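A quick write-up on the structure given underneath.
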There are 2 protein chains.
Amino acid sequence: MKQMTIGRLSKAAGVKVTTIRYYESINLMGVPDRSTSGQRLYDDEAVQRLSFIRHARDLGFPIDSIRDLIDLQHQPGEDCAHVDAIARRQLANVRLKLSQLEALEGELKRMISACEGGTIASCKVLESLSDHGLCLDGHDAKGLSA
Amino acid sequence: MKQMTIGRLSKAAGVKVTTIRYYESINLMGVPDRSTSGQRLYDDEAVQRLSFIRHARDLGFPIDSIRDLIDLQHQPGEDCAHVDAIARRQLANVRLKLSQLEALEGELKRMISACEGGTIASCKVLESLSDHGLCLDGHDAKGLSA
DNA sequence: CTACAGTCTACAGCGACTGTAGAGGCAAGG
DNA sequence: CCTTGCCTCTACAGTCGCTGTAGACTGTAG
């Protein structure tokens with residue numbers, strides 16, 4: 001299979017059609033060939049590249065880091081220290097979020113287990129939320145909302 | 001101190017001025033009084049409410065849930081089951097994210113420790129990212145990027 | 001030939017803010 | 001009184017990584 005449409009690429013790499021077009025619009029995926037009627041045509045290299053992107057996204061790498069990683073891939077003679085640094089930075093980010101989430105989990109658990117039913121007026125959960133300064137002093141939970 | 005400007009409220013509750021105005025724009029904070037020159041004036045109740053919001057945000061509650069919690073606060077006679085449900089849902093969200101992040105951490109750690117330096121061409125990190133299907137099959141890491 | 005799935009562009013929306021621009025307000029020091 | 005310098009105002013664009021929508025066109029199977 002030499003050339004494929006965006007739908008086939010989408011299935012091959014496990015990335016939605018709209019997302020592929022989005023990646024093209026931000027220059028993360030290159031500009032593909034077009035059929036005479038204007039449809040995008042991709043080759044196997046595009047599958048490779050898109051799979052790489054998808055895997056990196058699954059691991060939480062931001063788009064900019066992925067761009068860097070792809071650039072680096074095309075300089076095979078270079079030292080891989082830079083790649084390593086990007087991965088380590090990502091690991092550090094993940095660990096930071098982990099520790100923040102663990103703190104949140106602890107507090108939520110504590111809050112919920114304090115609640116013994118009853119009315120709003122006596123609700124320990126709302127009490128905990130109203131009492132400021134109980135926990136997590138100083139740091140916040142940016143990007144952790146759900 | 002009966003009335004305070006937005007800057008003082010900001011310090012009192014630990015929420016940025018711009019964020020307070022944003023909360024007002026989405027009707028999370030009520031419409032405050034204004035001085036003759038048009039500056040917002042808040043009272044201690046606003047400090048309470050904003051602190052509550054901040055604490056809930058720190059715990060990752062989405063704005064809509066916080067809105068619900070505030071509504072419930074004003075019905076002290078009701079059963080607190082609803083409050084409990086909101087908190088439990090948030091705890092479930094946090095736990096889901098935790099487990100996803102733990103998986104990410106594991107894979108990143110594995111990737112990085114496989115790297116023994118050298119050139120890009122032999123970089124295990126890039127290899128791991130190129131080999132698809134190694135891990136995390138089927139689920140993705142939405143909202144976990146950093 | 002007809003139906004239907006796939007593809008196209010362009011733009012708005014999500015969540016929870018943050019940043020910017022340009023204007024006006026207020027209190028303290030000289 | 002005037003300046004200095006911070007505070008506040010509004011309105012809107014930008015962040016991140018997409019997702020959803022509208023409306024038109026294309027390709028294919030029956």
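Owing to the predicted nature of the structure, the values given are computational and were not obtained by experimental measurement. Computation of the quantities below employed the complete heavy-atom set of this structure, encompassing side-chain atoms and omitting hydrogens, waters and symmetry-equivalent molecules. Below, read A as the first sequence line, B as the second, and so on, with proteins coming before strands; counting in each chain starts at 1.
- Remark: R21(A) engages no residue in a salt bridge (Lys or Arg N to Asp or Glu O under 4.0 Å) (not counting sequence neighbours).
- Side chain of Q75(A) to backbone of I120(B): no donor-acceptor contact under 3.5 angstrom is found.
- Computed from coordinates, the L59(B) CG to dA16(C) P distance equals 14 Å when rounded to whole Å.
- Side-chain N/O atoms of Y23(A) include one lying less than 4.0 angstrom from OP1 or OP2 on dC18(D).
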Query raised in the report: Do Y22(A) and K16(A) pass the side-chain contact (heavy atoms from CB on, under 4.5 Å) test, and can you show the C-alpha distance, the side-chain angles, and the key distance before you say yes or no?
Result: CA-CA 10 Å; Y22(A) 168 71; K16(A) 288 187 185 168; over 6 Å; no

Report task. Indicate for each nucleotide in nucleotides 5-14 of chain D, in 5' to 3' sequence, whether protein heavy atoms under 4.0 Å reach the base (B), only the sugar-phosphate (S), or nothing (-). Result -> ---SBB----

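- Side chain of N93(B) to main chain of L96(B): no donor-acceptor pair is present (N/O by atom type, distance under 3.5 Å, no hydrogens or angles).
- Rounded to whole Å, the distance from CG on D64(A) to P on dC18(D) is 12 Å.
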Just distance, no hydrogens or angles: give the donor-acceptor pairs under 3.5 Å from side chains in residues 81-88 of chain B, sequence neighbours left out.
| residue | atom | partner | partner atom | Å |
| --- | --- | --- | --- | --- |
| D84(B) | OD2 | R88(B) | NE | 2.9 |
| D84(B) | OD2 | R88(B) | NH2 | 3.1 |

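- Between the NZ atom of K97(A) and the P atom of dC16(D) there is a distance of 13 Å, given to the nearest Å.
- No side-chain donor from either of S128(A) and R110(A) sits under 3.5 Å from a side-chain acceptor of the other.
- For the side-chain hydrogen bond (donor to acceptor under 3.5 Å, both in side chains) test, residues two or more places apart in sequence or in another chain that qualify with R95(A) are E105(B).
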Requested in this report: List the steps and the verdict of side-chain contact (heavy atoms from CB on, under 4.5 Å) for K97(A) and E102(A).
Outcome: CA-CA 8 Å; K97(A) 287 206 173 160; E102(A) 273 156 13; over 6 Å; no

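- Base pairing in DNA chain D gives the following stems of 3 or more Watson-Crick or G-U pairs, range against range and under 3.5 Å: C:1-30 with D:1-30.
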Could you go through residues 30-42 of chain A and list every donor-acceptor pair under 3.5 Å that involves a side-chain atom there, pairing it with any protein atom two or more places apart or in another chain?
| residue | atom | partner | partner atom | Å |
| --- | --- | --- | --- | --- |
| R34(A) | NH1 | G38(A) | O | 2.8 |
| S35(A) | OG | S37(A) | N | 3.3 |
| S35(A) | OG | S37(A) | OG | 3.1 |
| S35(A) | OG | G38(A) | N | 3.4 |
| S35(A) | OG | Q39(A) | N | 3.1 |
| R40(A) | NE | E24(A) | OE1 | 2.7 |

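- Y23(B) is linked by a side-chain contact (heavy atoms from CB on, under 4.5 Å) to V15(B), T19(B), I26(B), L28(B), M29(B), L50(B), I53(B), R57(B), I63(B), counting only residues two or more places apart in sequence or in another chain.
- The stretch residues 69-83 of chain A participates, sequence neighbours left out, in no salt bridge (Lys or Arg N to Asp or Glu O under 4.0 Å) pair at all.
- Put simply, CD1 on I63(A) is 5 Å from P on dG17(D), counting in whole angstrom units.
- Every residue was checked against the side-chain hydrogen bond (donor to acceptor under 3.5 Å, both in side chains) condition with S10(B), not counting sequence neighbours, and none meets it.
- Here the C1' atom of nucleotide dG17(D) and the CG atom of D58(A) are 14 Å apart, to the nearest Å.
- Considering only residues two or more places apart in sequence or on other chains, S122(B) meets the side-chain contact (heavy atoms from CB on, under 4.5 Å) condition with T119(B).
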With 3.5 Å as the limit, what N/O pairs link the protein to nucleotides 1-3 of chain C?
none

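- Taking the side chain as every heavy atom from C-beta outward, T5(A) and L9(A) never approach each other to under 4.5 Å.
- dA16(C) atom C1' lies 16 Å from atom CE of M29(B), rounded to whole Å.
- The distance between atom OH of Y22(A) and atom C1' of dC11(C), rounded to the nearest whole Å, is 15 Å.
- Distance R57(B) CZ to dG15(C) P: 12 Å, rounded to the nearest Å.
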Distances under 3.5 Å only, N/O to N/O: pair up the protein atoms with those of nucleotides 19-21 of chain C.
none

